[in-house]
Structures are given as structure tokens and as C-alpha cells.
J.: 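One structure is given below, represented as C-alpha cells, and several questions about it will come after.
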There are 2 protein chains.
Amino acid sequence: MADTRTPEPAAKPAARTPDTTRRSERSRRAIYDAALSLVGEVGYPKTTIEGIAARAGVGKQTIYRWWPSKAAVLLEAFLDLGERAAEAAGAGGDYEIPDTGDLAADLKTVLRATVDELVDPQYEAPSRALTAAGIVDPVLGAEFVEKLLEPSLQLYVKRLRAAQEAGDVRPDLDPRVALELLVAPLAHRWLLRTLPLTHAYADAVVDCALGGLTPR
Amino acid sequence: MADTRTPEPAAKPAARTPDTTRRSERSRRAIYDAALSLVGEVGYPKTTIEGIAARAGVGKQTIYRWWPSKAAVLLEAFLDLGERAAEAAGAGGDYEIPDTGDLAADLKTVLRATVDELVDPQYEAPSRALTAAGIVDPVLGAEFVEKLLEPSLQLYVKRLRAAQEAGDVRPDLDPRVALELLVAPLAHRWLLRTLPLTHAYADAVVDCALGGLTPR
DNA sequence: ATCAAGCGAGACGGGTCGTCTCGCTCGGCT
DNA sequence: AGCCGAGCGAGACGACCCGTCTCGCTTGAT
């Protein structure tokens, strides 16, 4: 009973902190669903906070209380979608890149799966919108990378380190650079639509990156 | 004097065709300048057509008459900026990737220059905004790729073909895939801000891509 | 010289923004 | 069990921007 007041009214006065214990779970989910469906139907630019609130059957203030921007709503909604999907499939935790001993085959497997995800119409609209928003807004971009992208990239780092120990990858290489050599080309085609993004392309990237451009 | 009327009122009724011969060059340039400076100052989302018109000292209708969207204005303004810069520097035409016989060195030279361009604050805001807009809007994206990106990429194709003939690159590789192995990692870091984009990184990408990930 | 089309300017209705104000509901505390 | 306060749905509010339209006026082609 020593201190019933807010624990930390301290240093930062800008920190608006609504009481999370009283938050309505029902509204939160309704907002996620409304945001995702609207982005899929009318596109990101035409998706408005008013529209999300209306479809979710929610007051606008409820959205403004918990999220700083339309993009932040969509980011959380998308993260939640991913969690639910992961949880519906296997166990809840993170995945791993398979390690059969054949590095090229393992990378092709996972990059092909990435291709499939990227062209899945259910995910395409929101993830394009989020990526684009993150490109322009550094704060949102950092959150996007940290929560959505980086965990996946770390899986590559782990698999590539194992490959280095097995002697399948040159030990002097930075796994971070190696990983980007594999992933960035797919992202490039997907984002800029320069050429079609296919399994064949994923395979070509793996072969090309592993073997190098110069003759051996 | 056989036909003074509009040459083609034909098939497409949607084609609005203002008379380009009467177009005001002064207004066009003022709009370009206003658009670029506003994007640099307040960011792309807060840049409005009304704002551009006001700063350019131009009626809104003048913008709506000649461009279909805010993004289209910025794309043309950016292209014009590039043309003026190119013209101010060397000759007007396109450049080439140098061919000193040392492929790795040539690629490092041009990729380092690309890095410098990407982090140049004058270009960063508008090119980020355009890329992001193109990611979400396929029509604009296609125009962006065709007019801005593809010409540069073709330079790589040409240089890589020469390298194949010289025996510096495996002859069975698709130059298109090879090029993306080099360029996409830079674009990836620049767009997503995962890690700093430096000359050292450009060099590492070249070495890594040429030599391959596996030991030789 | 003529005259039509582009021009600057700004009014207009429609829509969204972000804030604010209502009662009400409902969870935490006593 | 009863109170209290914070989150809730709903919507009013002023500000802003959209895209269209309508004014005279410039201005370039003929």
C-alpha cells in the first residue's frame, strides 16, 4: 500500500499510457479483421481509419487510443495473422531452415516456399503496403524489420553458419552478406515486378550464389 | 488544308489530349521544383497537390490537366532532375559501365557510385517515395521501372555479356540473374535499412557474387 | 487581328483527418 | 456487493485535401 499511484510518471511526459488491463479484446480482433479485409478489398491508400472503425463496429477513438497510425494498425494485424497461421499449423514457436546436409537443396526448399508466400494473394496486399510504408517512414520501417523480417533472416544466419562448419561455405564470409545475396534478389523481383517471381528463379539464384559468377 | 480537325478523335474516347503546343513551360518547371522541394521538406505523404500548386504559383487545374496523380508528377519531376544533372555533367546520352578488363574492379566502381547516389540526401526522399508508390501501384511501378530502373540495368547486362565473351563469367549464366545478384542486395539494404549501406558492403557483394559462397 | 485553349485563382461538395464530448458498460478495488 | 473510473460505441466538430467546375486573363498558332 506504499504507492497506489501510477508507477512511473517519471522522465518522459509524452508517454501516453492507457490501461491495458481494461482493454477490449473483442474490439482489438475486430479491428485487425477489418483492417486486413479492407486493405485486401480497396487497397491500402483507400483504406481509412474511419472505414476500419465502421466495419469493426468500433469508435474511432478506440483506434487512435491504441495505435499511432494506420500503418501501425496494419502491422499489428499482419503480425497477428501470422501468429494465428503459425499456431494453426505446427507448434507455436519459430521454424528452422532444414539441414539435410545438402545446402543447395535446403536453400531451394525454403526460397521456393518464400516465393509461394510472396505471391499468395491473401498476404500480398498487406505486406506490399507495409513494406512501402516502411520504406518512407523510418520508424515504422524499423519496427517492420525488427518484428517481421529479422527473425526470418536469423534463420538463414544459423543455417549458413552450420554450412560453414560443415565446410560447404567459405569460412571467411560474413553470413549476413551471404544471406542477402540469396534473399535480396527475390525481394527485388517481388517489390519492383521487373520479371516474374518463380520457383525456377529461386533455384537459379541459389545455384548462381553458391557457385559464383566466375568460371571455376 | 485537307483536314484541320483533331487528327484522331477515333477509337478511344477516354484519351484526353490537351494541346501540348500551348503548354506553359514556365509552369511545368515551377511544378517540378515545387514537388521536389516539398517532398524533401515535409515528406511524400504530406505533400499535397494543393500545396504543390500553391508553391509553384499555379492553378490546381494545371496540374490535373497534365498529370493523373501526385506520384506521376513526382516521377516526371525526378526524371527531369536526372536529365538536368546528367546534362550538366558529361554529355547528354546514357553512360556505360567501364570495361578495364578487371570485372571485379569495374563492378565495384559502379556499385560504389550507386551507393553514393542512394544515400545522397537530395535524391533520397523522392526516390524512396517513388519506389514505395510503385510497390503499391502496379501501373506507376511499371512506369518507374521502365523509365528509371531498366535503362541502368541494361548497362549491367551489356557489361556482363562482354565479361562472358572474355571468359570472366560462366557462359551458361543468365546475365539477368547475375545482375540481380549484384544490385538487389544494395537495393535491399537501402530500402529496408537493415544494415548500413557502405562502399565496403558494395565491395563485399561483388567479391561474394563473383566467387560464390562455396569454397573453391 | 482573331480566337480558342491553357492559364492563375478560387468556389464548391464530398470525404477523411484527429480531437473532443457524450452516456454506457464493465473490470478492478474495497 | 457496491462504487469508481477508464475504456467503450457513437458521432459532432473544425481543418484540410480531393477532384471538378467556373470565372476572366493571357498567350500562342493561324
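Just so we're on the same page: letters track the sequence lines, and every chain starts at 1. Note that these values count all heavy atoms, side chains included, but never hydrogens, waters or copies made by symmetry.
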J.: Could you state the CH2-C1' distance from W66(B) to dG19(D), rounded to the nearest angstrom?
T.: 18 Å
J.: Considering non-hydrogen atoms only, spot the tightest contact between A178(B) and L160(B) and give its length.
T.: CB-CD1, 4.0 Å
J.: Using whole Å, report how far CH2 of W67(B) lies from C1' of dG6(C).
T.: 13 Å
J.: State whether the distance check finds a donor on one side and an acceptor on the other, under 3.5 Å, for side chain R22(B) versus base dG28(D).
T.: yes
J.: Is it the case that the base of dC21(D) and the side chain of Q61(B) share a donor-acceptor contact (distance under 3.5 Å, atom types as modelled)?
T.: yes
J.: Please give, in whole Å, the distance from dG11(D) P to I49(A) CD1?
T.: 18 Å
J.: Between R65(B) (CZ) and dA9(C) (P), how many Å, whole number?
T.: 14 Å
J.: What is the distance, to the nearest angstrom, from the NZ atom on K46(A) to the P atom on dG19(D)?
T.: 10 Å
J.: Can you tell which of dC8(D), dA29(D), dT20(D) lies closest to the side chain of T21(B)?
T.: dA29(D)
J.: When all nucleic acid strands are considered with a 4.0 Å heavy-atom cut-off, which category describes G57(A): base, sugar-phosphate, or nothing?
T.: sugar-phosphate
J.: Of the nucleotides dG7(D), dG9(D), dC7(C), which has the atom closest to the D19(A) side chain?
T.: dG7(D)
J.: Honestly, is R189(B) close enough over Y201(B), meaning NZ or CZ under 6.0 Å from the six-membered ring centre and within 45° of the axis?
T.: yes
J.: Give the rounded distance in Å between these two atoms: CD of E50(A) and C1' of dC17(D).
T.: 14 Å
J.: Does the dG10(C) base have a donor-acceptor partner in the side chain of K60(B) within less than 3.5 Å?
T.: no
J.: Say whether E117(B) and Y123(B), considering side chains only, have a donor N or O and an acceptor N or O under 3.5 Å apart.
T.: no
J.: So, OP1 or OP2 of dG6(C): does either fall under 4.0 Å of a side-chain N or O from T62(B)?
T.: no
J.: Using whole Å, what does the distance between atom P of nucleotide dG27(C) and atom CZ of R26(A) come to?
T.: 10 Å
J.: Does the side chain of S24(B) get closer than 4.0 angstrom to OP1 or OP2 of dT27(D) through an N or O atom?
T.: no
J.: Hey, is D80(B) close enough to R84(B) for a salt bridge, meaning N to O under 4.0 Å?
T.: yes
